[in-house]
Protein chains: 2
Amino acid sequence: MNIGLEKYRYYTELMRENDLFSDISHDALDQLLEIASAQYWPKKTCILDPTHTLYTFYIILSGKVKGYVFDDKHDRPLTLFLLTQNDVFDVFTLINGKVHDIRYETLCDTEVLRIPMYKLKEWIQDNQDVYKALLKYTTDKMMRMENYISNLIMEDTSIRLARLLYNHVDPASNQVEILNGLTHDELGALIGTTRTMVGRHIQSFKEEGILKTERREIEITNLELLQQKISLNP
Amino acid sequence: MNIGLEKYRYYTELMRENDLFSDISHDALDQLLEIASAQYWPKKTCILDPTHTLYTFYIILSGKVKGYVFDDKHDRPLTLFLLTQNDVFDVFTLINGKVHDIRYETLCDTEVLRIPMYKLKEWIQDNQDVYKALLKYTTDKMMRMENYISNLIMEDTSIRLARLLYNHVDPASNQVEILNGLTHDELGALIGTTRTMVGRHIQSFKEEGILKTERREIEITNLELLQQKISLNP
DNA sequence: CTGGAAATGCGACCCAGGTCACATTTATTG
DNA sequence: CAATAAATGTGACCTGGGTCGCATTTCCAG
C-alpha cells in the first residue's frame, strides 16, 4: 500500500479490531494489507454491475453501504442488508465464484479496502483460518436475515419502522446514528415499504411524543414509548 | 455405529454424495460415522426446545424438515426454510455456540444421523476442511434467503404460491414431490400467508387449468401457464 | 362402519397499506 | 440568489389479503 505510515497504522489498527482477522497473525495481516489498497467512496457511489465483485473484494473501514435488489414491478429498490465498519463484501462471490445478483451503494461517505479477488484467494490459500471466521460472520448475518423475514411477515410497517429505529439508537446521544441522513425513501427500502408510509408513521410517532425530527435527523425523545411499541404490539 | 454392514454402506454412500463431506478423506468420514448414530423420525416429530441443538447436530439422510418460528400475534407458525437430503442443522449453534431461536419439525418420515455436538467439535478440530465446505453451504442458503425476502416484498401471495409450486415440480411426474402430503396450512406457512389464501389460489389455479388436486396431491397439468404466472406478473 | 376430528371450500366483511395527486418545504447549483 | 430539483406532508381512494363463520368433505381410530 502506497500510503504514509500514519495512515497505515490506522488501517492495521482497524483490521486488528475486526473479528474476521483477529485470529490472523501480524505477518499474515501485513501481507493482506500489502495486496490491498484504500479507496474513498463519496455518498451515493454505486456498484451496479453484479459481476464486479467477482474480481474485487471490499472491506469496509468506515461509512455505510447498502446491498439491495430492484423491484421492477413497484419500481423501487429493496435494501436487503446494511453493511458498516468491519463488514466485507461479497462473501458469496468469494466462496461460490458465481455472480451474486445484487447491487451496492454507499449511503454516506465511506472508506474501504479494495483487494483483487485472485490475490485474496491466493492469500486465503495460506491462511485457511479465515474460513472459520468467515463462517461465523456468515451464520451471524444469516440469523439477522431470519429475523428480518419473521419481522416482515409478523409485524406491520409501523412496528417494523419502530424496530428499525430502536435497533439503531445511540443510547448516548439518543440519535439514530446510522440512519441519520437517510431519506424516507431509503428508510422505506430498509423495511420494505414506501416513503408515504414512512412519512405517515414518523408523523404519528412525533404526535405520540416518541421522537422529533430536524434536518433529516431523528432524535428519540422517549425511548420507553418506542420500546413499548415494539414489545406490546396490541 | 451399531448397525448391519448393509445399512452402514448405505450411509457412507449417502455421506459421500453430500457436498459437505466430498473433500473429506475416507478415514475421516469413517471416524465421523463412528460417532454418529442413525435415527428414524416419523412425520410430525418436533424439536421444540431451541437449546437441544446446542448438544446435538443432525444430518438429514432422507425426508424433510422445516425450520420455523411461531408468530404469536397471528397465532400461526412461519416456516423459514425447508431442509432435505444432505442438509444439516444447526450450523448456527455449531459455529456460534449460542441458542438459535428456532424450532424444527419433520414434514414427513425422516432419517437423520445424530452426532453429539462435543464429539463433532472434536472431529472438526482434526478436519478443519469442513469449515470451507460449511461456508459454501451457508452462503448458498443465505442467497436463497435473500431471494425469499425479495419475493416476500415484491410479489403477492398468488405469485409466491405459483413460484413455490414451480420450484418443486418434478418434471418427470409433473407432481410437486416435496410438497405432496402438506396441508394448506403448511403451504401457507411456507410462503407467509394463511390457509384461506392458499385454498383460494389453488381453486383459481384449478379453474385456470394450471393444476389439479387429488388426495392432498398436486399435479401440474399446464407447466407453461404456471411459468407465465411467475414471469409475466401484470 | 361410524362418530369425531382434521382439512377444505366459500361467502361476507374489514383494514393496513398501497397509489395518485398536489401543496409545501428544504437542498443544490449555475 | 434565483431557480430548479429533491424531499416531505397530507388527503382521497382502492385493493390485496386477512378474519370470521359455517357448510362440506376427507381421514382415521375405536
Side-chain angles (χ1 to χ4, degrees), chain A residues 42-44 71-78 105 107-109 151-164 179-208 211-219 229 233-234, chain B residues 42-44 71-78 105 107-108 151-164 179-208 211-218 229 233-234:
Chain A
K43 188 175 173 176
K44 298 221 175 211
D71 181 347
D72 293 309
K73 186 156 59 168
H74 304 87
D75 191 40
R76 70 180 192 217
L78 163 64
E105 181 180 332
L107 292 177
C108 64
D109 297 354
N151 231 256
L152 274 177
I153 297 200
M154 305 200 293
E155 320 282 26
D156 49 31
T157 54
S158 73
I159 295 182
R160 298 214 294 273
L161 178 61
R163 177 156 291 143
L164 179 70
L179 300 182
N180 277 342
L182 301 193
T183 67
H184 291 182
D185 259 318
E186 290 290 357
L187 294 180
L190 277 166
I191 58 174
T193 184
T194 57
R195 73 156 198 85
T196 320
M197 279 298 126
V198 172
R200 281 178 199 164
H201 291 136
I202 287 186
Q203 280 317 102
S204 69
F205 286 179
K206 256 193 240 180
E207 283 160 22
E208 295 173 53
L211 51 78
K212 58 182 179 186
T213 61
E214 209 175 326
R215 287 184 302 111
R216 218 174 293 172
E217 296 199 342
I218 294 173
E219 185 184 331
K229 192 158 280 284
N233 30 5
Chain B
K43 188 174 173 176
K44 297 220 176 210
D71 181 348
D72 293 308
K73 187 157 58 168
H74 304 88
D75 190 40
R76 70 180 191 215
L78 163 63
E105 181 180 333
L107 291 178
C108 64
N151 229 257
L152 273 177
I153 296 200
M154 305 201 292
E155 321 281 25
D156 49 30
T157 53
S158 72
I159 296 182
R160 297 214 295 273
L161 178 60
R163 177 156 293 144
L164 179 70
L179 300 183
N180 278 341
L182 301 193
T183 68
H184 291 181
D185 259 318
E186 290 291 358
L187 295 180
L190 277 167
I191 56 174
T193 185
T194 57
R195 72 156 198 86
T196 320
M197 280 297 126
V198 172
R200 281 178 199 163
H201 291 136
I202 287 185
Q203 281 316 101
S204 69
F205 285 179
K206 254 192 240 179
E207 282 161 22
E208 294 174 55
L211 53 78
K212 58 183 179 186
T213 60
E214 209 174 327
R215 288 184 302 111
R216 217 174 292 172
E217 295 199 344
I218 294 174
K229 192 158 281 284
N233 30 6

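Just so it is clear: chains get the letters A, B, ... in the order the sequence lines come, proteins before strands, and each one is counted from 1. Just so it is clear, the values below take in all heavy atoms, side chains as well, and ignore hydrogens, waters and symmetry mates.
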Round to the nearest Å and state the distance from [X] atom [atom1] to [N] atom [atom2].
{"X": "B:His74", "N": "D:dG17", "atom1": "NE2", "atom2": "C1'", "answer": "11 Å"}
{"X": "B:His201", "N": "D:dG16", "atom1": "NE2", "atom2": "P", "answer": "9 Å"}
{"X": "A:Asp156", "N": "D:dG16", "atom1": "CG", "atom2": "C1'", "answer": "16 Å"}
{"X": "A:Leu161", "N": "D:dT8", "atom1": "CG", "atom2": "P", "answer": "13 Å"}
{"X": "A:Glu186", "N": "D:dA7", "atom1": "CD", "atom2": "P", "answer": "9 Å"}
{"X": "B:Asp75", "N": "D:dG18", "atom1": "CG", "atom2": "C1'", "answer": "14 Å"}
{"X": "A:Gln203", "N": "D:dG9", "atom1": "CD", "atom2": "P", "answer": "5 Å"}
{"X": "A:Met197", "N": "D:dA7", "atom1": "CE", "atom2": "C1'", "answer": "17 Å"}

* Asked: If we only count heavy atoms from C-beta on, is the B:Lys73 to A:Met154 side-chain gap below 4.5 Å?
  -> no
* To do: Kindly indicate whether the side chain of A:Ile218, heavy atoms from C-beta on, has any atom under 4.5 Å from the side chain of A:Ile202.
  => yes
* Let me have a per-nucleotide readout for nucleotides 21-30 of chain D, 5' to 3', with B, S or -, counting only protein heavy atoms under 4.0 Å. => ------S---
* To do: Apply side-chain contact (heavy atoms from CB on, under 4.5 Å) to A:Arg76 and A:Thr194, showing your working.
  => CA-CA 9 Å; A:Arg76 70 180 192 217; A:Thr194 57; 3.2 Å; yes
* To do: Report the residues that fulfil side chain to side chain contact (heavy atoms under 4.5 Å, CB included) with B:Lys212, sequence neighbours left out, ordered by chain and then residue number.
  => B:Glu219, B:Thr221
* Residues in side chain to side chain contact (heavy atoms under 4.5 Å, CB included) contact with B:Thr157, at least two apart in sequence or another chain ->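 In terms of side chain to side chain contact (heavy atoms under 4.5 Å, CB included), with neighbours along the sequence ignored, B:Thr157 is linked to B:Arg160, B:Thr193, B:Met197, B:His201.
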* **CG on B:Leu164 to CG on B:Leu190, rounded to 0.5 Å** => 5.5 Å
* Asked: Any sub-3.5 Å donor-acceptor pair from A:Asp109's side-chain atoms to A:Lys43's backbone N or O?
  -> yes
Name every donor-acceptor pair, under 3.5 Å, that has one atom in a side chain of residues 181-189 of chain B and the other anywhere in the protein, sequence neighbours excluded.
residue: B:Thr183; atom: OG1; partner: B:Asp185; partner atom: N; Å: 3.3
residue: B:Thr183; atom: OG1; partner: B:Glu186; partner atom: N; Å: 3.2
residue: B:Glu186; atom: OE1; partner: B:Lys66; partner atom: NZ; Å: 3.1

* To do: Starting from the first five and the last five pairs of the helix from C:dC1-D:dG30 to C:dG30-D:dC1, work out the angle between the resulting helix axes, to 10 degrees.
  =>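 End axes: 50° apart.
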* **Test side-chain hydrogen bond (donor to acceptor under 3.5 Å, both in side chains) applied to B:Glu208 - qualifying residues, sequence neighbours left out** => B:Lys229
* Asked: Taking only residues two or more places apart in sequence or in another chain, which ones pass side-chain hydrogen bond (donor to acceptor under 3.5 Å, both in side chains) with A:Asn151?
  -> none
* **salt bridge (charged side-chain N to carboxylate O under 4.0 Å, His left out) partners of residues 197-207 of chain B, not counting sequence neighbours, each pair once** => none
* Asked: Does anyone know the first and last nucleotide of DNA chain C in reach of chain A, 5' to 3', at under 4.0 angstrom to a heavy atom?
  ->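 Reading along DNA chain C, I get C:dA16 to C:dA27.
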